[in-house]
Amino acid sequence: MGKVAVAFAAAAVVAACSVAAVMVRRRVKSRRKWRTVVEILKELEEGCDTPVGRLRQVVDAMAVEMHAGLASEGGSKLKMLLTFVHDLPKGTEKGTYYALHLGGTYFRILRVHLGGERSYLDVQDVERHPIPSHLMNSTSEVLFNFLAFSMERFTEKEGNGSNSQGVKRELAFTFSFPVKHSSISSGVLIKWTKGFEISEMVGKDIAECLQEALNRRGLDMHVAALVNDTVGALSLGYYHDPDTAVAVVIGTGSNACYLERTDAIIKSQGLLTTSGSMVVNMEWGNFWSSHLPRTSYDIDLDAESSNSNDMGFEKMISGMYLGDIVRRVILRMSQDSDIFGPSSSLLSEPYVLRTNSVSAIHEDDTPELQEVARILKDLGVSEVPLKVRKLVVKVCDVVTRRAGRLAAAGIAGILKKIGRDGSGGITSGRSRSEIQMQKRTVVAVEGGLYMNYTMFREYMEEALVEILGEEVSQYVVVKAMQDGSSIGSALLVASLQS
Ligand code: ADP
Ligand code: MG
């Protein structure tokens, strides 16, 4: 071999070595990056861990806080609000009634016709529209004028047959925010949640605001009840099944209510009702306990929200927030590694990833996870390999699993408070034979997250069985109530007339 050829060969070897070295370096670097995201995932899994022991601590904390909230005003983060609802619809109601429901994302209007028998419930003309976002931080006048206008259009559509002329229409106002009631048909707004910010409305009578707006439009309608959405769901549950004692809403936000004995509502001593009980609106979204598994993502989400230090439980379990928790995890992964490619500014935008997309990612059953790829592309992240898409699915799974299991612990906490969890409540122990006498309890559940996100529902129901045990769970029936909040509120108004 000549000198030149030797030099060439040597150069080729050197070049090959350095190419190999670069490749090895890259591989090591990429492995390190992958290791970084795997560590972020692992840290998330640990932070969101909800073994049954921890869930039981949450159950106990919920029951204890319920007691505290019933004992004195301000005794707990759980407001345990009186609703003045002591009789629930029985199934014998008759007539035509309306409901207007302001939720966190949607407003709904519907009409029900009741024929005096349970099987004769005709839900007519359900309208559901997204709440225009500018209304969420407008003025009370703008908001209520809009609701009255929508109501007017709704009534204009109906034929004369649905309501005989000259008879005032009876309306339920289903309102999904905390209200301090002075009667079933009046109450003032305590605070906004779920991103609403019309500060001048706090302290105002909500039913009166709607009634005035309806009057201004010349509508012959009477706001006969101001109903929390959970109480609506409980009413529909009870109408169909009198064993219904608890209702939970898991939609944009989350809340629960239940039937309580009046003598247990210590902060309102002397409260008398014919039934001896009253529905209590827990406002459980504000529940807090040191046993809740909280991560740095939850802390940041809370700090940057319009209601920080508030609604801690809601921020871990409800539809407004799950998407943003997932987004925060993906953002951190993309900042600490390059597995999502060049950084996307969209990913830094709060609430850009909706919980609807989280369920679409989680439930993507295409072999190549095409739906995941599509959603990531919408977030400005394109062409990520399959293993990264799988990682995103896992993040959604971890966040949703925690949410479902915590919601189950909340429900079990209520069951414990009312002695339906098989343990005899938090003050007394019961014998095994008494457990066998366990009363059947129906838990009515509604809300967009619960109704539409199958994996959430499965995690919640599975955890409830885990907490209660197979035996007791046989007595606890979770029933989905489609549009329960609105339909049930109309039924409640009907029951007030009879
Ligand atoms: P509102 O809270 O206004 O009463 P819903 O009870 O219908 O309305 O809840 C709507 C919320 O439920 C949405 O904003 C979303 O967070 C959640 N949601 C609805 N559909 C789905 C879905 N398919 N997957 C996950 N979350 C969903
Ligand atoms: Mg709702």
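All ligand and atom numbering here is 1-based and tracks the order in the structure. Below, all heavy atoms of this structure are taken into account, side chains as well, without hydrogens, waters or symmetry copies.
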Worksheet item: Out of Arg169, Lys157, Arg217, Arg216, which one pairs with Glu152 under the salt bridge (charged side-chain N to carboxylate O under 4.0 Å, His left out) rule?
Response: Arg217
Discussion item. Applying the salt bridge (charged side-chain N to carboxylate O under 4.0 Å, His left out) criterion to Arg402, which one of Asp49, Asp397, Asp298 satisfies it?
Written reply: Asp298
Could you check [atom] against the protein and tell me its nearest heavy-atom contact, residue, atom and distance included?
{"atom": "atom 6 (O) of ligand 1", "result": "Gly448 N, 2.9 Å"}
{"atom": "atom 26 (N) of ligand 1", "result": "Leu449 CD1, 3.5 Å"}
{"atom": "atom 2 (O) of ligand 1", "result": "Thr252 OG1, 2.6 Å"}
{"atom": "atom 14 (O) of ligand 1", "result": "Thr105 OG1, 3.3 Å"}
{"atom": "atom 20 (N) of ligand 1", "result": "Asn452 ND2, 3.1 Å"}

Worksheet item: Taking only heavy atoms of Gly103, which atoms of ligand 1 are found under 4.0 Å from at least one of them?
Response: 3 (O), 4 (O)
Worksheet entry | Numbered atoms and elements of ligand 1 in range of Ser359, under 4.0 angstrom, heavy atoms | 22 (C), 23 (N), 24 (N), 25 (C)
Worksheet item: ligand 1 versus Arg108, non-hydrogen atoms closer than 4.0 Å: side chain, backbone, both, neither?
Response: side chain
Practice prompt. Could you check His362 against Tyr453 for ring-ring contact (aromatic ring centres under 6.0 Å, His included), going step by step and ending with a plain yes or no?
Written response: CA-CA 9 Å; His362 201 177; Tyr453 193 167; 5.7 Å; yes
Discussion item. Walk me through whether Ser183 and Ser186 qualify under side chain to side chain donor-acceptor pair (under 3.5 Å).
Written reply: CA-CA 5 Å; Ser183 74; Ser186 61; 2.9 Å; yes
Worksheet item: Which option out of Asn356, Thr454, Ile250, Thr400 puts a heavy atom nearest to atom 27 (C) of ligand 1?
Response: Asn356
Practice prompt. Before signing off on this row, confirm whether Gly104 and ligand 1 have an N or O atom pair separated by under 3.5 Å.
Written response: yes
Discussion item. Looking only at distances, can you tell me whether any N or O atom of Gly253, backbone or side chain, sits closer than 3.5 Å to an N or O atom of ligand 1?
Written reply: no
Worksheet item: Is NZ or CZ of Lys90 both nearer than 6.0 Å to the six-membered ring centre of Tyr239 and within 45° of the ring axis?
Response: no
Worksheet entry | Ionic contact status for Lys417 with Glu65, cut-off 4.0 Å | no
Worksheet entry | Residues Arg294, Asp302: salt bridge by 4.0 Å N-O rule | yes
Worksheet item: So, Glu260 and Tyr258: side-chain donor and acceptor under 3.5 Å apart, yes or no?
Response: yes
